[in-house]
Amino acid sequence: MKTKLGIAVAAGAIAATQTRATPDIFQALPEGANDLNDLKWAKRPVLLFAPSRDDAAYARQMALFDAARAALAKRDIVVLSDIDRIPPAGAV
């Protein structure tokens with residue numbers, strides 16, 4: 001019983017470490033944000049702009065970032081997405 005408890009605690013500690021090691025690097029750019037001073041000296045922001053989440057170029061770029069998630073996290077990179085909330089002219 002003591003061994004099983006020790007294994008469970010160790011597994012929990014490993015899972016917690018892995019969770020902290022790969023934080024969520026994808027964030028929405030806050031509406032009305034006019035500077036990135038909060039990230040200065042803490043993170044390396046990459047800004048991604050798109051007309052919508054359904055945009056093919058946006059989807060491709062996000063897939064590339066997702067594939068490199070561990071490398072981006074290791075370098076303290078955060079991907080900030082700014083999805084246009086206003087439909088383009090002529091859109092229905």
Side-chain angles (χ1 to χ4, degrees):
M1 186 72 152
K2 201 176 209 181
T3 305
K4 288 182 184 178
L5 179 61
I7 292 172
V9 170
I14 291 170
T17 302
Q18 289 174 343
T19 301
R20 277 185 252 126
T22 56
D24 190 16
I25 62 167
F26 300 105
Q27 300 173 15
L29 187 64
E31 191 171 336
N34 57 7
D35 66 48
L36 300 175
N37 283 334
D38 292 345
L39 299 175
K40 192 174 185 177
W41 307 115
K43 297 287 182 184
R44 294 179 173 109
V46 172
L47 302 175
L48 182 59
F49 297 90
S52 75
R53 292 191 184 284
D54 299 329
D55 185 68
Y58 174 79
R60 279 192 308 273
Q61 188 64 59
M62 287 301 289
L64 290 170
F65 283 136
D66 192 42
R69 180 185 295 262
L72 295 172
K74 184 177 180 180
R75 291 166 179 82
D76 294 323
I77 294 173
V78 61
V79 179
L80 302 172
S81 296
D82 186 11
I83 306 301
D84 193 359
R85 293 168 183 86
I86 302 170
V92 177

J.: What residues form a side-chain hydrogen bond (donor to acceptor under 3.5 Å, both in side chains) with Arg44, not counting sequence neighbours?
T.: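 Arg44 satisfies side-chain hydrogen bond (donor to acceptor under 3.5 Å, both in side chains) with no other residue.
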J.: Just how far is it from atom CD1 of Ile83 to atom CZ of Phe49, taken to the nearest 0.5 Å?
T.: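 With rounding to 0.5 Å, CD1 (Ile83) is 10.0 Å from CZ (Phe49).
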J.: List the atom of Ile77, the atom of Val46, and the distance in Å for their closest heavy-atom pair.
T.: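 Closest approach of Ile77 to Val46: CG2-CG2, 3.6 Å.
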J.: State the CZ-CG distance between Phe26 and Leu48, to the nearest 0.5 angstrom.
T.: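 Between Phe26 CZ and Leu48 CG, I get 9.5 Å after rounding to 0.5 Å.
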J.: Which residue pairs pass the salt bridge (Lys or Arg N to Asp or Glu O under 4.0 Å) test with at least one member in residues 55-68, sequence neighbours excluded?
T.: Asp66-Arg69
J.: With sequence neighbours left out, what residues match Asp76 under side-chain hydrogen bond (donor to acceptor under 3.5 Å, both in side chains)?
T.: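 None.
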J.: As a quick check of understanding, evaluate side-chain contact (heavy atoms from CB on, under 4.5 Å) for Leu47 and Leu36, giving each step before the final call.
T.: CA-CA 11 Å; Leu47 302 175; Leu36 300 175; 4.1 Å; yes
J.: Working to the nearest 0.5 angstrom, can you tell me the gap between Leu39 CG and Gln27 CD?
T.: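 The CD atom of Gln27 is 7.5 Å from CG of Leu39, to the nearest 0.5 Å.
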